Amino acid sequence: MEPTMTNNQKEQDLSQYPYLDKGLEGIVAFSSRKSFIDGAKGELIYAGYNIEVLAENATFEEVCFLLWNERLPNKAELDDLQAKMTAERDIPETVYAYINSTDKKAEPMSVLRTATSMLADSDPDATENSAEANLRKAIRLTAKMPTIIAAFDRVRKGDEIIRPSKKGSTAFNFLYMLNGEEPGPKAERVMDLLLVTHAEHGMNASTFATRAIASTLADIHSAISGAIGSLKGPLHGGANTAVMNMLKGLDKDTDIVAFIKGKLERKEKIMGFGHRVYKTFDPRATLLRVMAKDLAKEVEMEYLYEWSETILKVMKDEKNIDPNVDFFSATVYYSMGIMPDQYTCIFAMARISGWTAHYIEQMENNRLIRPRQLYLGDKNLPWKKVEDR
Ligand code: SDX
């Protein structure tokens, strides 16, 4: 790809930098056994299993085991993982104290980033970097993030924190701690499906951040803190919140076609659409579209789904761009009564499984990640005293 050159660059010897790929587009930086994406076909595979097969059959705990071990668990292994997750769901009192004392107006993703980083302080394996220790920390992080997210949501609403239950799945516990009542089987299944569809996705920006930090042999908590920061951005995991904020700005009198066309004319990005890899329907969007239609109807908010379908058609007609995972997930979360600024946190409590799987894989065959840059500045300038500048 020819880089865009400024004048002073042209004089530079570019033979040392034959090309410059903004955003590392198309660069294959790693090999991995965790997932495969065919962007042209709209295919997503987690360690051998197509996302449609997993969505239909797997629990989030089975997907966690699959990503960490590159095979599905047998019954004893699954029961063992479930027991370990149950035992690790509670968080240290110091973290509860932080959640209770921090600013109630803080962004949930900021609180999640800080609280997750704090978990390192009391993790018994904090300074251990063996594969076994990292798997133990992966389980702890996956078990504890939902507790952090739910606890802050309760505190900022003025409600008592609900401690994790000694029973149930990650999906069950999250909804129980969030709402203060045990979810029904359908709500648990929907949450489980959201976790499964958001668990892993190759070399996305936050997983790349995880690997870049892991490559210096920094601890897993440092890598995950960086990953949470990366996911927070609206071009990545923050898009689902932005989608809901866009939908909430519409009403039954809005000319949605004109609204979207206007944004496109102003060169504004429509959140929840487009993807660096998928050049067709994101297979997760296909699954979430069905869920959004069903749930919106159930809570008598069909208008959210109808508006979404109108936006989808305009984007296809005007830009030939399809929705990504974040578009319909917004309607699903909203139909479940979850606050829009919590959506990215739910993305994070699913993707922690993929991030930790990649961290462990990076350690198996590590090499420091250190790309080059094309220098655009001047060289060999003479020094000027401050009084002469
Ligand atoms: C996630 O990478 C992953 O795997 C991420 C993820 C995962 O599971 O980890 O899938 C999760 O992050 C999904 C993406 C969520 N982000 C959004 O929904 C934000 C809106 N999307 C865009 O910002 C954009 O599509 C990106 C960032 C997702 C991808 O951008 P690229 O690959 O850098 O493409 P681009 O911005 O260069 O766009 C190419 C063209 C441009 O048109 P031209 O200027 O060439 O005419 O497509 C247009 C863009 O303007 N375009 C859009 C658009 N996305 C691309 N135009 C309007 N709205 C959009 N959303």
Side-chain angles (χ1 to χ4, degrees), residues 1 4 21-30 32 34-40 42-46 51 54-55 63 67 109 194-211 226-247 259-288 308 311-331 340 343-358:
M1 172 192 290
T4 46
D21 277 284
K22 272 185 77 177
L24 297 182
E25 182 153 11
I27 298 294
V28 180
F30 307 93
S32 174
K34 303 304 176 186
S35 61
F36 168 75
I37 301 169
D38 181 324
E43 184 179 48
L44 171 58
I45 291 173
Y46 292 176
I51 191 65
L54 295 170
V63 165
L67 292 172
M109 275 294 276
L194 285 163
L195 297 176
V196 166
T197 50
H198 285 77
E200 159 63 9
H201 208 247
M203 211 33 65
N204 58 84
S206 53
T207 299
F208 180 84
T210 302
R211 285 203 179 236
I228 294 171
S230 170
L231 186 75
K232 187 169 181 287
L235 291 189
H236 189 12
N240 50 25
T241 297
V243 169
M244 199 66 238
N245 291 337
M246 174 178 71
L247 292 174
F259 172 77
I260 295 297
K261 283 185 175 178
K263 287 174 76 74
L264 293 176
E265 277 150 25
R266 295 190 298 274
K267 292 287 183 196
E268 293 172 26
K269 292 279 177 36
I270 310 300
M271 294 291 124
F273 282 87
H275 199 276
R276 175 63 59 80
V277 178
Y278 289 121
K279 298 310 168 196
T280 182
F281 233 91
D282 181 329
R284 302 164 297 175
T286 302
L287 294 163
L288 291 162
S308 297
I311 294 168
L312 189 150
K313 187 174 180 323
V314 177
M315 285 302 283
K316 194 66 182 170
D317 294 346
E318 298 297 314
K319 300 278 286 191
N320 191 26
I321 292 180
D322 292 298
N324 56 51
V325 66
D326 291 308
F327 187 60
F328 287 107
S329 60
T331 295
Y343 299 174
T344 312
C345 289
I346 297 172
F347 195 147
M349 73 185 229
R351 188 54 58 88
I352 181 67
S353 55
W355 291 333
T356 51
H358 280 272

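Any value given below was found using the heavy atoms of this structure, including those in side chains, with hydrogens, waters and symmetry copies removed. We number each residue from 1, following the sequence as shown. Nothing here was measured: the structure is a model prediction, and the numbers come from that model. When a ligand or atom number is given, it counts from 1 through the structure's own listing order.
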Can you tell me how far the OG1 atom of Thr356 sits from the NZ atom of Lys34, to the nearest 0.5 Å?
9.0 Å
Using ring centroids (six-membered ring only for Trp), state whether Tyr343 and His198 fall under 6.0 Å.
no
When rounded to the nearest 0.5 angstrom, what is the spacing between CG in Asp317 and CD1 in Ile260?
12.5 Å
I want to know if ligand 1 touches Ala205 in the polar sense, i.e. an N/O pair below 3.5 angstrom.
no
Taken to the nearest 0.5 Å, the spacing of Ile270 CD1 from Met246 CE works out to 6.0 Å
Please identify which atoms of ligand 1 are closer than 4.0 Å to at least one heavy atom of Arg276.
29 (C), 31 (P), 32 (O), 33 (O)
Taking only heavy atoms of Gly272, which atoms of ligand 1 are found under 4.0 Å from at least one of them?
17 (C), 18 (O)
Would you mind listing which atoms of ligand 1 come within a distance below 4.0 Å of any non-hydrogen atom of Ile321?
47 (O), 48 (C), 51 (N), 52 (C), 53 (C), 55 (C), 56 (N)
Can you find a protein heavy atom closer to atom 18 (O) of ligand 1 than 4.0 Å?
yes
Measure from atom 40 (C) of ligand 1 to the protein's non-hydrogen atoms and state whether any distance is below 4.0 Å.
no
Residue Pro234 vicinity, atoms of ligand 1 by number, heavy atom under 4.0 Å
16 (N), 19 (C)
From atom 30 (O) of ligand 1, is the closest protein heavy-atom distance below 4.0 Å?
no
Can you list the ligand 1 atoms lying under 4.0 Å from a non-hydrogen atom of Leu264?
57 (C)
May I ask which of Arg284, Glu200, Lys319, Arg351 has a heavy atom nearer to atom 46 (O) of ligand 1 than the others do?
Lys319
Proximal candidate to atom 25 (O) of ligand 1 [heavy atom criterion; set Gly233, Gly274, Gly23]
Gly274
Would you mind finding which of Val277, Asn240, Ile37, Asn324 brings a heavy atom closest to atom 14 (C) of ligand 1?
Asn324
Does the protein come close to atom 35 (P) of ligand 1 - that is, does one of its heavy atoms sit below 4.0 Å from that atom?
no
